[in-house]
Participant: 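Just passing along the structure, written as structure tokens.
Since the model is a prediction, treat every value here as computed from it, not as a measurement.
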Amino acid sequence: MSATLKRLVLWDVQLQARENIYMFTMLTTLAFAIFLKLLPSEAPPTIFTLVLFFDPAIVGASFVGSIVLMERSQNTLSALAVSPAPVRDYVLAKIITLTLLAIVGSLFLVAAAFWVPPADMVLRFTLVLVFTGAIGVLGGFLIVAGANSMNHFIARAIPVTFVLFLPLLSHFGVVTGFWQWLLFAINPGHAMLRAMLWAAEPTAVSTADIVYAFAYMTLMIVIFYRWTVRVYTSELSRVAD
């Protein structure tokens, strides 16, 4: 990790603490934990993984959207535009801090639902959350790009969220077999849900599902990262001018 990236990570941690993002995360995580505790013991793993599926949306996309809007209003992006800090470090710093936040919150939910969770389950969830957290943060960057207010950001996020949640039809067995792949294979939400279900119950998904989920999430992270860097390089270039 470069010195610039370390400074940006520390800056993001301080910013998130000052803006009460950690407090909000604690409250939402506690609410989800209470919900999980109220579920009957025979509840299927699909219910629990649905709760964890919300984490990238809340911790990643929502938080990065609000942070970028705030940094614009406070002219932080203007300062970044004339600094030697590369855009990739700005993006990576938020991926690191917000993905770690999502991992901590989600593992708390894993502990609440499966106390005491087996070590292999914790490792599986940690691995999956690295991928889903990064996708959530990068997705938030792309949604907020060009948005000039929180209402504008929300208006852009609603249709994206609707599309990402369509694979829940497959997750809960409404759409199965050939049709689930035809309708949802290119949807990142489908890969994320498959991976979440594998983390909770490895026997619930096939080897092909696991390979597809991680390969597709990796592809999405690479595409979203390059897209984000290009978009924000262009934006910061306009700010600098």
Participant: Any side-chain heavy atom of V68 sitting closer than 4.5 Å to one from R72?
Facilitator: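 Of all side-chain heavy-atom pairs linking R72 with V68, at least one is under 4.5 Å.
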
Participant: Find the distance between CD1 (I143) and CD1 (I158) and round it off to the nearest 0.5 Å.
Facilitator: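 Rounded to the nearest 0.5 Å, the CD1-CD1 separation comes out at 10.5 Å.
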
Participant: Do F224 and F141 have their ring centres less than 6.0 Å from each other?
Facilitator: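 No, they do not, as the ring centres are separated by 6.0 Å or more.
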
Participant: Under 3.5 Å, side chain of S106 to main-chain N/O of I103, donor-acceptor pair present?
Facilitator: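 No: the side chain of S106 does not pair with the backbone of I103.
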
Participant: Considering all heavy atoms of both residues, which atom of N148 and which atom of L69 are nearest to each other, and what is their separation?
Facilitator: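 The pair with the smallest heavy-atom distance is C-CD2, 4.3 Å.
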
Participant: Are the side chain of N187 and the backbone N or O of L166 linked by a donor-acceptor pair below 3.5 Å?
Facilitator: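 Here the side-chain-to-backbone pair does not exist.
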
Participant: Quick one: ring pair (Phe, Tyr, Trp, His ring centres under 6.0 Å) partners of Y225, sequence neighbours excluded?
Facilitator: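 So Y225 forms no ring pair (Phe, Tyr, Trp, His ring centres under 6.0 Å) with any residue.
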
Participant: Kindly indicate whether the side chain of D89, heavy atoms from C-beta on, has any atom under 4.5 Å from the side chain of S2.
Facilitator: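 A side-chain contact under 4.5 Å exists here.
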
Participant: Do the side chain of K37 and the main chain of A112 share a donor and acceptor less than 3.5 angstrom apart?
Facilitator: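 Checked: pair present.
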
Participant: List for me each residue that meets salt bridge (charged side-chain N to carboxylate O under 4.0 Å, His left out) alongside R124, sequence neighbours excluded, and say none if there are none.
Facilitator: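 With sequence neighbours excluded, R124 shows a salt bridge (charged side-chain N to carboxylate O under 4.0 Å, His left out) to D120, given in chain and number order.
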
Participant: If you compare all heavy atoms of L36 against all heavy atoms of A113, which two are closest, and at what distance to 0.1 Å?
Facilitator: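 Between these two residues, the closest heavy atoms are CD1-CB, 4.3 Å.
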
Participant: Within the supplied structure, the quantity of interest is the number of heavy atoms (other residues, nucleotides, ligands) at a distance under 6.0 Å from I186 CD1; does it exceed 12?
Facilitator: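 Counting other residues, nucleotides and ligands, CD1 of I186 stays at 12 neighbours or fewer.
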
Participant: Ignoring hydrogens, what is the shortest heavy-atom contact between V231 and A145? Give both atom names and the distance.
Facilitator: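 Scanning both residues, the minimum pair turns out to be CG1-CB, 3.6 Å.
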
Participant: Whether the side chain of Y232 engages the backbone of V91 through a donor-acceptor N/O pair (distance < 3.5 Å, no angle test) should be reported.
Facilitator: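 Flag not set: sc Y232 to bb V91 has no pair under 3.5 Å.
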
Participant: Looking at CG of L129 and CG of L107, how far apart are the two atoms once the value is rounded to the nearest 0.5 Å?
Facilitator: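 Going from CG on L129 over to CG on L107, the span is 6.0 Å.
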
Participant: Surrounding CZ of R88 (heavy atoms of other residues, nucleotides or ligands, distance under 6.0 Å), is the total greater than 12?
Facilitator: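 Atom CZ in R88 is not crowded, with 12 or fewer foreign heavy atoms closer than 6.0 Å.
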
Participant: Counting only pairs under 3.5 Å, give me each side-chain donor-acceptor contact of residues 171-184, with atom names and distances, residues two or more places apart or in other chains.
Facilitator:
{"residue": "H171", "atom": "NE2", "partner": "T46", "partner atom": "O", "Å": "3.1"}
{"residue": "H171", "atom": "NE2", "partner": "T49", "partner atom": "OG1", "Å": "3.0"}
{"residue": "Q180", "atom": "OE1", "partner": "S170", "partner atom": "OG", "Å": "2.3"}

Participant: Nearest 0.5 Å please: distance from the CG atom of L50 over to the CZ atom of F32.
Facilitator: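 Spacing of CG (L50) from CZ (F32) equals 8.5 Å.
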
Participant: Give a yes or no on whether M150 atom CE has more than 12 heavy-atom contacts from other residues, nucleotides or ligands under 6.0 Å away.
Facilitator: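 Yes, enclosed.
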
Participant: Are I21 and I67 packed together at the side-chain level, in the sense that at least one heavy-atom pair is separated by less than 4.5 angstrom?
Facilitator: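 In contact.
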
Participant: Considering non-hydrogen atoms only, spot the tightest contact between V128 and A195 and give its length.
Facilitator: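 Minimum heavy-atom contact is CG2-O, 3.5 Å.
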
Participant: To the nearest 0.5 Å, how far apart are CG in L98 and CG in L138?
Facilitator: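 Between L98 CG and L138 CG, I get 10.5 Å after rounding to 0.5 Å.
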
Participant: Over 60° means perpendicular and under 30° means parallel, so tell me whether F214 and W198 are parallel, tilted or perpendicular.
Facilitator: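 If you compare the ring of F214 with that of W198, the planes turn out perpendicular.
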
Participant: Can you list every pair that meets salt bridge (charged side-chain N to carboxylate O under 4.0 Å, His left out) and has a residue in residues 6-15, with sequence neighbours left out?
Facilitator: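 Of all non-adjacent pairs touching residues 6-15, those that pass salt bridge (charged side-chain N to carboxylate O under 4.0 Å, His left out) are D12-K94.
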
Participant: First locate atom CE of M192, then atom CE of M217, and finally report the distance between them rounded to the nearest 0.5 Å.
Facilitator: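 The CE atom of M192 sits 7.5 Å away from the CE atom of M217.
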
Participant: What verdict does the ring pair (Phe, Tyr, Trp, His ring centres under 6.0 Å) test give for F125 and F48, after you've listed the backbone C-alpha separation in whole Å, the side-chain angles of each residue and the deciding distance to 0.1 Å?
Facilitator: CA-CA 12 Å; F125 270 113; F48 171 69; 5.7 Å; yes

Participant: Test: salt bridge (charged side-chain N to carboxylate O under 4.0 Å, His left out). Region: residues 193-221. Which pairs qualify, not counting sequence neighbours?
Facilitator: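 Counting only pairs at least two positions apart or across chains, the salt bridge (charged side-chain N to carboxylate O under 4.0 Å, His left out) contacts touching residues 193-221 are R194-D209.
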
Participant: Identify the heavy atoms of A204 and L197 that sit nearest to each other, and give their distance.
Facilitator: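 Shortest heavy-atom contact: CB-CG, 3.9 Å.
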
Participant: Would you check if the side chain of Y22 reaches a backbone N or O of L101 as a donor-acceptor pair within less than 3.5 Å?
Facilitator: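 No, because the side chain of Y22 does not come within donor-acceptor range (under 3.5 Å) of the backbone of L101.
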
Participant: Just so I know, are the side chains of H190 and Y212 near enough to count as touching, which here means a heavy-atom distance under 4.5 Å?
Facilitator: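 In contact.
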
Participant: Could you tell me whether the side chain of T99 and the main chain of I96 form a donor-acceptor pair under 3.5 Å?
Facilitator: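 Side chain of T99 to backbone of I96: no pair is present.
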
Participant: Would the number of heavy atoms belonging to other residues, nucleotides or ligands and lying under 6.0 Å from CE of M23 be above 12?
Facilitator: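 No, because the 6.0 Å sphere around CE of M23 holds 12 heavy atoms or fewer from other groups.
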
Participant: With a 4.5 Å cut-off on side-chain heavy atoms, are V160 and L142 touching?
Facilitator: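 The answer is no; the side chains never approach within 4.5 Å.
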
Participant: Taking only residues two or more places apart in sequence or in another chain, which ones pass salt bridge (charged side-chain N to carboxylate O under 4.0 Å, His left out) with R226?
Facilitator: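 If we apply the salt bridge (charged side-chain N to carboxylate O under 4.0 Å, His left out) test to R226, skipping adjacent residues, there are no hits.
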
Participant: Which atom names give the shortest non-hydrogen contact between P117 and V110, and what distance separates them?
Facilitator: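 Distance-wise, the nearest heavy atoms are CB-CG1, 3.9 Å.
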
